[in-house]
Amino acid sequence: MAPNQSTFNFGNLTFDGSVSTNRGGGKYVQVAYQGTQVVFQLGTSVHDTLRTPFGAEYAARDDPSSGLVMKVELSPDKHTFIEGFEAKTVEEANTHSQAWFGKPTPNAMPNSTIKEQNGDRPPCLKLKIATEGKKPTLVKVITVKEGKLSKETTGSVDDITPGSSVLPIVRVQGGVYFINRTYGCSLVADAVLVIKQHGSASSSVTFDLGDDVVMQDDDDDE
């Protein structure tokens, strides 16, 4: 099971000092967590969910070719966690600047995955939703009825509707990318648990995909 933000240890992150090129010609550096892909659960249980104000939507408005994304509003603890992850990336960029950028200090700016919203709305984290390829986003659904939780059922991206309560498992896609004098990590929703009719449940339930789910490396950097 993927660690959640309360059990994730930034000291277990390792960044390859060398820059690789993917099949599309993009530059990236491999990132690992305890020797495997970086995957974490953004939430501790079905009582610790995030709101997706717009549901699953195209990355570029009305353009299906742009791919699907899901924006989730960050609670303070999750905002702090993502900031910590990005700070670790910046620290490594400074440490490996000569290898990554060919200069003793970075000549590129970090690109944050946290996006501010207008007014007093909380900041959002944008997650890619994979709909094809060898690792599409897995969607599971739980329904809360009269304070009791149903069993998980398999859903689809159509279940990620505006205003949904979700518990995402997030994967760092490929590693640290380098593009247009910026660098950063692309985040994809490896799996999403959608909690419908979210309310007070009788017991805490943790989202566990089971041991048969294996995170595969897609060698992509965006």
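Counting from 1, the numbers follow the sequence of the chain as shown.
- No side-chain heavy atom of Val157 sits less than 4.5 Å from a side-chain heavy atom of Thr137.
- Considering only residues two or more places apart in sequence or on other chains, Asp159 meets the salt bridge (Lys or Arg N to Asp or Glu O under 4.0 Å) condition with Lys196.
- With sequence neighbours excluded, the residues that form a ring-ring contact (aromatic ring centres under 6.0 Å, His included) with Phe10 are Phe8, Phe81.
- Qualifying side chain to side chain contact (heavy atoms under 4.5 Å, CB included) partners for Arg61, counting only residues two or more places apart in sequence or in other chains: none.
- We find the CG-CD1 distance between Asn111 and Ile179 to be 9.5 Å, quoted to the nearest 0.5 Å.
- Val141 has its side chain out of reach of Glu152: every pair of non-hydrogen atoms, C-beta onward, lies at least 4.5 Å apart.
- Inter-residue side-chain proximity for Thr153 and Lys140 is flagged as unmet; no heavy-atom pair is nearer than 4.5 Å.
- Using a 4.5 Å cut-off on side-chain heavy atoms (C-beta onward), Val31 and Asp16 make no contact.
- Of all the heavy atoms in Ala2 and Val39, the pair that sits closest is CB-CG1, 3.9 Å.
- When the side chain to side chain donor-acceptor pair (under 3.5 Å) test is applied to Gln117, the partners found at least two apart in sequence or on another chain are Glu73, Arg121.
- Among all heavy-atom pairs drawn from Val176 and Tyr183, the shortest one is CG1-CD1, 4.1 Å.
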Residues Val170, Asp190; criterion side-chain contact (heavy atoms from CB on, under 4.5 Å); working and verdict: CA-CA 5 Å; Val170 180; Asp190 212 61; over 6 Å; no
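- Applying the side chain to side chain contact (heavy atoms under 4.5 Å, CB included) rule to Glu92 yields the partners Phe15, Lys88, His96, Trp100; only residues at least two apart in sequence or on another chain are considered.
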Worked verdict on His79 versus Ile114 for side-chain contact (heavy atoms from CB on, under 4.5 Å): CA-CA 8 Å; His79 190 193; Ile114 301 172; 3.4 Å; yes
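- Pro110 and Val90 get closest at one heavy-atom pair: CB-CG2, 3.8 Å.
- Counting only heavy atoms from C-beta outward, the side chains of Ile160 and Thr52 approach each other to under 4.5 Å.
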Let me see the working for Val139 and Val194 under side-chain contact (heavy atoms from CB on, under 4.5 Å), right down to the final yes or no. CA-CA 7 Å; Val139 179; Val194 181; 4.1 Å; yes
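- Atom CD1 of Ile82 sits about 5.5 Å away from atom CG of Leu42, to the nearest 0.5 Å.
- Taking the centre of each ring, Tyr33 and Phe40 stay at or above the 6.0 Å mark.
- The side chain to side chain donor-acceptor pair (under 3.5 Å) search around Thr182 returns none, not counting sequence neighbours.
- When all heavy atoms are compared, the tightest approach of Asp48 to Thr44 is OD2-N, 2.9 Å.
- Side-chain atoms of Leu127 and Val188, non-hydrogen and from C-beta on, never get closer than 4.5 Å to each other.
- In this structure, a donor-acceptor pair under 3.5 Å is absent between the side chains of Tyr177 and Asn22.
- Two residues are said to be in side-chain contact when any heavy atoms from C-beta on lie closer than 4.5 Å; Gln5 and Asp77 meet this criterion.
- Around atom CG of Asn180, no more than 12 heavy atoms belonging to other residues, nucleotides or ligands sit under 6.0 Å away.
- Within the model, atoms OG1 of Thr80 and CZ of Phe85 stand 15.5 Å from one another, a figure rounded to the nearest 0.5 Å.
- Under the side chain to side chain contact (heavy atoms under 4.5 Å, CB included) criterion, Ser66 pairs with Tyr58, Ala59, Ala60, Asp63, not counting sequence neighbours.
- In the hydrophobic cluster analysis, where Ile, Leu, Val, Met, Phe, Trp and Tyr join through side-chain heavy atoms closer than 4.5 angstrom, Phe54 is grouped apart from Leu68.
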Trace of the side chain to side chain donor-acceptor pair (under 3.5 Å) decision for Ser97 with Lys103: CA-CA 6 Å; Ser97 182; Lys103 295 180 179 294; over 6 Å; no
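- The closest side-chain donor-acceptor pair between Ser20 and Gln30, if any, does not fall under 3.5 angstrom.
- With sequence neighbours excluded, the residues satisfying side chain to side chain donor-acceptor pair (under 3.5 Å) with Ser6 are Asn4.
- Note: Gln37 CD to Lys135 NZ = 8.5 Å, rounded to the nearest 0.5 Å.
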Met70 vs Val192, test: side-chain contact (heavy atoms from CB on, under 4.5 Å). Steps then yes/no. CA-CA 10 Å; Met70 174 184 67; Val192 181; 3.9 Å; yes
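- Not counting sequence neighbours, Thr105 has no partner by the side chain to side chain donor-acceptor pair (under 3.5 Å) test.
- Expressed to the nearest 0.5 Å, how far OG1 of Thr161 lies from CD of Glu57 amounts to 12.5 Å.
- Nearest heavy atom pair, residue Val166 against residue Val72, reads CG2-CG1, 3.9 Å.
- In plain terms, the two heavy atoms of Ile129 and Ala56 that are nearest each other are CD1-CB, 3.8 Å.
- Note that NZ of Lys78 and CG of Leu125 are 11.5 Å apart. Values are rounded to the nearest 0.5 Å.
- Side chain of Ser150 to backbone of Thr143: a donor-acceptor contact under 3.5 angstrom is found.
- Checked against side chain to side chain contact (heavy atoms under 4.5 Å, CB included), Gln98 has the following partners two or more places apart in sequence or in another chain: Pro104.
- Contact check for Pro106 versus Asn94: side-chain heavy atoms found under the 4.5 Å cut-off.
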